[in-house]
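Report on the structure given below.
Both counts, for ligands and for their atoms, begin at 1 and track the order of listing.
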Amino acid sequence: MSPSAAETVRPLSVAMREGSTAEHDAAEQSPFVSELLGGRINGQGYADYLLRLRMVYGALEDTVRARRDDPLVAAVYDPALERLTAIDADLEHWAPGVAREVESPAAQAYHDRITSAFWGGAVVAHHYTRYLGDLSGGQVVGKVLDRTFGLGGAGLAFYEFPMRPKPYKDSYRARLDGLPLDAGEIDRAVDEVKVAFGLNQALFDELADNLPAYRR
Ligand code: HEM
């Protein structure tokens with residue numbers, strides 16, 4: 001007897017993780033990220049990265065807040081995750097007095113993709129890609145920066161969350177898996193996660209164009 005459709009549907013959290021493994025590995029190994037992880041990016045490079053993230057999180061957090069009554073978005077909505085205030089605080093450390101606006105086609109494209117997401121599942125895909133990343137590899141980046149620059153935690157608000165990452169990620173995945181999505185919708189959400197990784201990759205590629213100026 002063949003299994004029923006319900007039995008063959010992969011949980012969303014598994015589909016998202018497995019569906020983006022190749023993209024994740026590529027992002028991790030991209031030149032800007034590997035230099036960052038190696039402690040070889042200077043303050044200007046990190047500030048330029050934060051300025052781009054500011055545009056992305058501005059879009060993500062406005063969109064998620066505006067759409068929080070959508071049942072899909074409501075399942076992941078959590079103001080405790082929001083990073084925009086932390087990014088602004090960190091920019092005061094890394095680039096005091098510098099204009100917050102940046103000319104970045106990659107950040108603009110990422111911003112526009114998020115703000116034009118029509119389906120709640122696509123908003124969830126963007127939410128997953130950034131915040132689960134921040135609660136995972138992001139924590140490693142924060143530690144590298146702290147050590148490299150001898151910061152004693154200063155300028156690293158972006159990596160400080162009020163929750164413990166591991167249990168939070170587990171409960172987040174359970175919330176994803178509780179969403180009432182069929183197999184086709186799960187595929188659509190995974191496709192949007194891949195798009196989100198591609199937009200992150202483009203952002204890292206844009207920064208990598210400036211690597212000679214960013215090496216410390
Ligand atoms: C800086 C280099 C990176 C490192 C060292 C890194 C490392 C990791 C590790 C170790 C995990 C697994 C954590 C766990 O199972 O709880 C993880 C998960 C994850 N990372 Fe990264 N990562 C990096 C970059 C990125 C980037 C650029 C993104 C996307 C913007 C990203 C998004 C994610 C996501 C969404 C997950 C959750 C996967 C899941 O569903 O369990 N990571 N990362």
Side-chain angles (χ1 to χ4, degrees), residues 10-41 45-46 48-50 52-61 64 75-76 78 81 83-84 86-87 90 104 106-107 109-111 113-114 117 121-148 156 158-159 161 163-179 181 186-187 189-208 211 214:
R10 278 183 307 169
L12 180 61
S13 70
V14 175
M16 281 179 160
R17 183 174 58 237
E18 290 180 351
S20 60
T21 305
E23 288 79 1
H24 184 274
D25 294 352
E28 213 176 314
Q29 285 154 30
S30 68
F32 182 80
V33 175
S34 51
E35 292 300 292
L36 188 63
L37 281 175
R40 292 183 294 273
I41 293 293
Y46 186 63
D48 282 357
Y49 177 42
L50 278 179
R52 284 162 176 75
L53 287 183
R54 186 174 184 276
M55 228 163 132
V56 172
Y57 282 85
L60 181 60
E61 291 170 5
V64 168
V76 295
D78 181 353
L81 290 170
R83 298 290 89 195
L84 195 56
I87 291 171
D90 288 350
S104 165
Y110 199 167
H111 168 285
R113 181 75 185 192
I114 294 170
V123 177
V124 171
H126 286 284
H127 191 276
Y128 160 85
T129 305
R130 282 303 334 175
Y131 294 119
L132 243 61
D134 297 335
L135 288 164
S136 306
Q139 299 300 301
V140 181
V141 175
K143 288 194 183 92
V144 169
L145 289 169
D146 201 11
R147 203 173 51 227
T148 307
L156 298 174
F158 181 72
Y159 305 100
F161 285 91
M163 61 283 267
R164 285 192 300 138
K166 167 79 173 106
Y168 191 87
K169 285 190 286 183
D170 289 345
S171 82
Y172 186 97
R173 291 189 187 102
R175 282 182 275 142
L176 289 179
D177 295 344
L179 294 178
L181 301 183
I186 288 180
D187 286 348
V190 171
D191 284 346
E192 193 65 22
V193 169
K194 290 189 196 187
V195 167
F197 268 97
L199 292 163
N200 279 284
Q201 185 70 65
L203 200 149
F204 295 133
D205 290 346
E206 185 181 273
L207 287 162
L211 267 182
Y214 290 160

Notebook entry, point to check: Sub-3.5 Å donor-acceptor pair from the side chain of Glu192 to the main-chain atoms of His126, do we have one?
Noted result: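 Looks like no, no N/O pair under 3.5 Å.
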Note to self: Has Tyr172 got a side-chain atom pairing as donor or acceptor with Tyr128's backbone, closer than 3.5 angstrom?
What the structure shows: yes
Note to self: Quick check with a 6.0 Å cut-off and a 45 degree axis cone: is Arg175 positioned over the face of Tyr168's six-membered ring?
What the structure shows: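 That pair qualifies as a cation-pi contact.
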Next item on the list: In plain terms, say whether Asp134 and Arg130 are close enough for a salt bridge, that is, a side-chain N and a carboxylate O under 4.0 Å apart.
Entry: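 Salt bridge between Asp134 and Arg130, a charged N being under 4.0 Å from a carboxylate O: yes.
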Check: Any side-chain heavy atom of Phe158 within less than 4.5 Å of one from Leu53?
Finding: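 Side chain of Phe158 against side chain of Leu53, heavy atoms only: contact under 4.5 Å found.
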Checklist line | Pair Asp146-Lys143, salt bridge (Lys or Arg N to Asp or Glu O under 4.0 Å): steps then yes or no | finding: CA-CA 5 Å; Asp146 201 11; Lys143 288 194 183 92; over 6 Å; no
Below 3.5 Å only, please: the N or O atoms of ligand 1 paired with protein N or O atoms, distance on each line.
from: ligand 1; atom 1: 16 (O); to: Lys169; atom 2: NZ; distance (Å): 2.6
from: ligand 1; atom 1: 20 (N); to: His24; atom 2: NE2; distance (Å): 2.9
from: ligand 1; atom 1: 22 (N); to: His24; atom 2: NE2; distance (Å): 2.9
from: ligand 1; atom 1: 40 (O); to: Tyr128; atom 2: OH; distance (Å): 2.6
from: ligand 1; atom 1: 41 (O); to: Arg173; atom 2: NE; distance (Å): 3.4
from: ligand 1; atom 1: 41 (O); to: Arg173; atom 2: NH2; distance (Å): 2.7
from: ligand 1; atom 1: 42 (N); to: His24; atom 2: NE2; distance (Å): 2.9
from: ligand 1; atom 1: 43 (N); to: His24; atom 2: NE2; distance (Å): 2.9

